[in-house]
Amino acid sequence: FKNQQPTENWIAQLKSPSPAARFAAMDALGEKPSTDSIAKALRGILEHQEEERPYREKAAQVLGKLDHTIGDKALVAALKTAESPRLRSTIASALGQGRAHHNEARVLRQVATSDPRHAVRGAALNSLAHFDRNSALRIARGILRRPAYPSLTLHKSCLLYTSDAADER
């Protein structure tokens, strides 16, 4: 019932000065069938460097849920350029919600092994596991071969992932 207005109205509401209205619009657009216009509108929020981080994070989450080519490309590009570790982590998680594409898996492998922030690397590893379990397991095992400090949280994620993989065998 809450999602009864046309898509164009929700897209227009993305420009509202009200944070609640903008977040409601993003939630509603995430429930609509994926279209170019929705993906482009959300991409605009994600790519806008001056946009506040919570809006960019929400746009990334919805783009991941929509699993649209325009959104996927925007997520990959933003993951490479975003300065905020929290935003990068959100984007990496969003990429794990869609279908497997070669480029997304390649970027997630790169982030899982080289991002300077361990939380981002963990999010990328979790998303990669949705596409390429063998690569994710190989990366997790490589991380576990290194000393746990200072990446104790990342090591914990890798231990959980490798133990889950062993349980499935």
Side-chain angles (χ1 to χ4, degrees), residues 7 10-19 21-30 32 34-133 135-136 138-140 142-143 146 150-158 161:
T7 300
W10 287 119
I11 290 173
Q13 190 170 315
L14 291 173
K15 295 181 173 105
S16 170
S18 164
R22 292 184 75 190
F23 283 116
M26 285 189 252
D27 285 334
L29 291 170
K32 298 278 188 183
S34 181
T35 65
D36 287 355
S37 61
I38 292 173
K40 287 177 182 177
L42 294 169
R43 177 186 68 188
I45 293 170
L46 177 63
E47 291 177 345
H48 192 266
Q49 298 294 324
E50 302 302 314
E51 190 71 71
E52 292 182 42
R53 183 182 39 80
Y55 297 123
R56 295 178 75 198
E57 287 176 358
K58 184 65 175 180
Q61 292 167 349
V62 176
L63 283 170
K65 183 178 178 182
L66 290 176
D67 196 27
H68 190 281
T69 305
I70 291 171
D72 293 344
K73 288 179 181 178
L75 288 168
V76 168
L79 182 59
K80 293 176 182 178
T81 60
E83 293 181 18
S84 164
R86 190 165 160 184
L87 179 58
R88 287 196 314 273
S89 183
T90 300
I91 294 168
S93 295
L95 281 168
Q97 296 178 31
R99 297 180 310 272
H101 299 286
H102 174 71
N103 191 43
E104 284 85 345
R106 181 184 57 77
V107 170
L108 287 169
R109 275 192 295 276
Q110 181 181 8
V111 171
T113 57
S114 64
D115 195 274
R117 299 301 284 259
H118 301 294
V120 178
R121 291 172 68 185
L125 185 63
N126 288 335
S127 288
L128 180 61
H130 293 286
F131 300 145
D132 187 352
R133 293 183 58 88
S135 287
R138 194 169 31 257
I139 291 169
I143 291 168
R146 298 184 208 126
S151 60
L152 194 55
T153 304
L154 181 59
H155 271 68
K156 183 179 177 183
S157 295
C158 291
Y161 178 67

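Counting from 1, the numbers follow the sequence of the chain as shown.
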To the nearest 0.5 Å, what is the distance between [atom1] on [X] and [atom2] on [Y]?
{"X": "R53", "Y": "T90", "atom1": "CZ", "atom2": "OG1", "value": "8.0 Å"}
{"X": "L125", "Y": "T113", "atom1": "CG", "atom2": "OG1", "value": "10.0 Å"}
{"X": "S16", "Y": "F23", "atom1": "OG", "atom2": "CZ", "value": "11.5 Å"}
{"X": "E57", "Y": "S84", "atom1": "CD", "atom2": "OG", "value": "6.0 Å"}
{"X": "Q49", "Y": "E83", "atom1": "CD", "atom2": "CD", "value": "7.0 Å"}
{"X": "I139", "Y": "Q110", "atom1": "CD1", "atom2": "CD", "value": "10.5 Å"}

Within a strict 4.5 Å, meaning less than it, do heavy atoms of the [X] and [Y] side chains meet?
{"X": "R88", "Y": "V111", "result": "no"}
{"X": "L95", "Y": "H130", "result": "no"}
{"X": "D67", "Y": "Q97", "result": "no"}
{"X": "L108", "Y": "D132", "result": "no"}

Which heavy-atom pair separates [X] from [Y] by the least distance, and what is that distance?
{"X": "L63", "Y": "A39", "result": "CD2-O, 3.8 Å"}
{"X": "A41", "Y": "L14", "result": "CB-CD1, 3.7 Å"}
{"X": "L66", "Y": "K32", "result": "CD2-O, 3.9 Å"}
{"X": "A124", "Y": "A112", "result": "CB-N, 3.8 Å"}
{"X": "S114", "Y": "R121", "result": "N-NE, 4.2 Å"}
{"X": "G30", "Y": "V62", "result": "CA-CG1, 3.5 Å"}

Test of understanding: with side chain to side chain donor-acceptor pair (under 3.5 Å), list the residues that count as partners of E51, not counting sequence neighbours.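 With sequence neighbours excluded, E51 shows a side chain to side chain donor-acceptor pair (under 3.5 Å) to R22, given in chain and number order.
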
Please tabulate, for side-chain N and O atoms in residues 68-80, each donor-acceptor pair with protein atoms closer than 3.5 Å (sequence neighbours left out).
unit_1: H68; atom_1: ND1; unit_2: I70; atom_2: N; d: 3.1
unit_1: H68; atom_1: NE2; unit_2: D36; atom_2: OD1; d: 2.8

Have S89 and R86 got a donor and an acceptor in their side chains that come within less than 3.5 Å?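 Not at all, the side chains of S89 and R86 share no donor-acceptor pair under 3.5 Å.
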
Indicate whether the side chain of T35 and that of S37 have a donor and an acceptor atom separated by less than 3.5 Å. yes

Could you walk me through whether K58 and D27 pass side chain to side chain contact (heavy atoms under 4.5 Å, CB included), step by step? CA-CA 9 Å; K58 184 65 175 180; D27 285 334; 2.5 Å; yes

